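This one's a predicted model, so the numbers in the text were calculated from it and none came from an experiment.
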Amino acid sequence: MHDSPPETSSLVYLVAGEPSGDLLGAQLMAALRDATGGHVAFTGVGGPRMTEQGLTSLFPMSELAIMGFAEVVRHIPMVKRRIGEVAADVQAKAPAAVVTIDAPAFTLRVQRKLRAAFGANGPPLVHFVAPTVWAWRKGRAKEIAEFLDHLLCILPFEPPYFEVHGLASTFVGYPAIEDATGGDGPAFRTENDIPADTPLLCLMPGSRRSEIGRLLPVFLATLDRLERGHPGIRAAIPVVPNVRDLVEARTAGDARIPLLHDPERRKHLFAASDAALIKIGTANIELAAAGVPIVSTQRVSVLSAMIYQAVVRLKYVSLINIVLDRESHPEPLQFNCRPGVLAPLLDRILRDESLRARL
C-alpha cells in the first residue's frame, strides 16, 4: 500500500477488466506517481495489482473476466449494470481524466456512455491498448474516434488506423515485457528443488475461470504424456487470485507442479523454463521476451469459435505470429487443443536443443 497522496493531487479514474489489464493499470499508476512526484490519486475498478498501488475497486474486477463471444452474451445484464455504475461513479467523483484499460467489450461502452453524459465538457477520455481493428471490423476505428480523446497503443503499426479518423494515438510499447525479463532461473530451480538437468515446463492456462475449466485438464494430461518420455519432468503454474481455488483443486497433491501466487516470481520461472504451454494472450509476448520456446493454444465454446471464424480474417491468432506473418511457434487451436497434439510438439522442443535455441 502507498501513503495518501497530497491534498493537491489530481484524481485519475482507472477501469481494468481482466488480469492483464490489472497489470497494465498497476504499472501505469506507479509511473504516474513517479512522474507527478506523488501528486496523483486513483479510483475506479481494478484487481490485486492495482490494489497494491492504492486503488480501492468499485466492485470486484473478476466479475468482468469473461471470454468468448457466446460467453459475453450470457452476462449482458450484469455487464450493463456495471457499466451504469461506473459511469455514475465517474460523474460523482469528477476526475481529472478517465483511463480505461483493454477489455473493450466493457471499457469502451463505459467511455461511450461518459461521452454522451459529458459531451465536450468532461474529463479527457483515454483508452489503453488499441482494439484490434486490423484483425476484424476496421470500421470500429471510426466509431471509437467519435467518443475517445486519446488512445495508447502497444503495437507500432496501430496509430495510423485511428489517426486517419482524427483520434490522437500514441505508441507506448508493450509494458508486460517489463515484468517478464531479468529473472534468476537457477535460484528458482533451487528454491523449488528442481535439478538443473530436469525439464521444466511453464504452464499458463489462462486467467478466467472458463479458461481454467477448458484448458487446465488438457495441460495436465499433456504433462502426463510428456512424462513417459521425460521421467521426472516438472511444471509450474503462475496463478492469479480469481482462479486460485480452481487451479489448487485440480493440482492438489501433484508434487510435480508448484504454484506461483506472487506475480513478482513469474520472471524467475520464465528464466528457469525449458519450454512453455500457454493460452494465447499476453503470455505470448512475456515468454517471447524472456526467450522461452512456446506452444500456444486456445479452446472456446463451439458457438464462439464459429462466430470468430465468420468475422475474423487472420492467418494466425498468436500476436507474435500475426506481427511476424509466419508461424514462429505452434498455435494448435480448438480440436487440436488436446494432449495428442500438444505433447509431441513440446516433446520435440525439449529434445531438440537447436530447435529450442531457434524458437
Side-chain H-bond candidate by donor/acceptor type, [X] with [Y], under 3.5 Å:
{"X": "H150", "Y": "T170", "result": "yes"}
{"X": "H39", "Y": "S10", "result": "no"}
{"X": "R49", "Y": "Q27", "result": "no"}

Mind checking the CD-OH spacing from E286 to Y174? Nearest 0.5 Å is all I need.
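Rounded to the nearest 0.5 Å, the CD-OH separation comes out at 7.5 Å.
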Nearest 0.5 Å, what's the CD1-CG distance between I294 and L345?
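Rounded to the nearest 0.5 Å, the CD1-CG separation comes out at 12.0 Å.
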Checking L201 against L346 for the side-chain contact (heavy atoms from CB on, under 4.5 Å) test, could you report, in this order, the C-alpha distance in whole Å, the side-chain angles of both residues, the deciding distance, and whether it holds?
CA-CA 9 Å; L201 282 183; L346 288 161; 4.1 Å; yes
With sequence neighbours left out, which residue pairs that include part of residues 89-101 fulfil the side chain to side chain donor-acceptor pair (under 3.5 Å) condition?
Y13-D89, T43-K93, D89-K93, T100-Q111, T100-H127
Let me see the working for F128 and T107 under side-chain contact (heavy atoms from CB on, under 4.5 Å), right down to the final yes or no.
CA-CA 10 Å; F128 189 4; T107 57; over 6 Å; no
Closest approach of [X] and [Y], non-hydrogen atoms and distance?
{"X": "I194", "Y": "R234", "answer": "CG1-NH1, 3.5 Å"}
{"X": "V45", "Y": "S57", "answer": "CA-OG, 3.4 Å"}
{"X": "M204", "Y": "P238", "answer": "CG-CD, 3.9 Å"}
{"X": "L342", "Y": "C337", "answer": "CD1-C, 4.4 Å"}
{"X": "A130", "Y": "F162", "answer": "CB-CE1, 3.7 Å"}
{"X": "D22", "Y": "G47", "answer": "OD1-N, 2.9 Å"}

Within-4.5 Å side-chain heavy-atom neighbours: V99 and V15
no
Is it true that atom [atom1] of [X] has more than 12 heavy atoms of other residues, nucleotides or ligands lying nearer than 6.0 Å?
{"X": "R256", "atom1": "CZ", "result": "yes"}
{"X": "E353", "atom1": "CD", "result": "no"}
{"X": "R109", "atom1": "CZ", "result": "no"}

Please step through salt bridge (charged side-chain N to carboxylate O under 4.0 Å, His left out) for the pair R209 and D245, ending with a clear verdict.
CA-CA 10 Å; R209 297 180 75 85; D245 59 328; 3.0 Å; yes
Between E146 and R115, does a salt bridge (charged side-chain N to carboxylate O under 4.0 Å, His left out) hold up when you go through it step by step?
CA-CA 9 Å; E146 293 173 354; R115 177 60 70 203; over 6 Å; no
Mark yes or no for whether E211, through its side chain, and R208, through its backbone, hold a donor-acceptor pair below 3.5 Å.
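Yes; judged by distance alone, with no hydrogens or angles, the pair exists.
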Would you confirm whether H329, through its side chain, and V295, through its main-chain N or O, come within 3.5 Å as a donor-acceptor pair?
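No: the side chain of H329 does not pair with the backbone of V295.
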Does NZ or CZ of R266 come closer than 6.0 Å to the centre of the six-membered ring of F270, within 45° of the ring's axis?
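Checked: cation-pi criterion not met.
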R82 to F59 six-membered ring, cation-pi geometry met (6.0 Å, 45°)
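So R82 does make the cation-pi contact.
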Show your reasoning for whether salt bridge (charged side-chain N to carboxylate O under 4.0 Å, His left out) applies to R356 and D352.
CA-CA 6 Å; R356 284 203 306 278; D352 191 335; over 6 Å; no
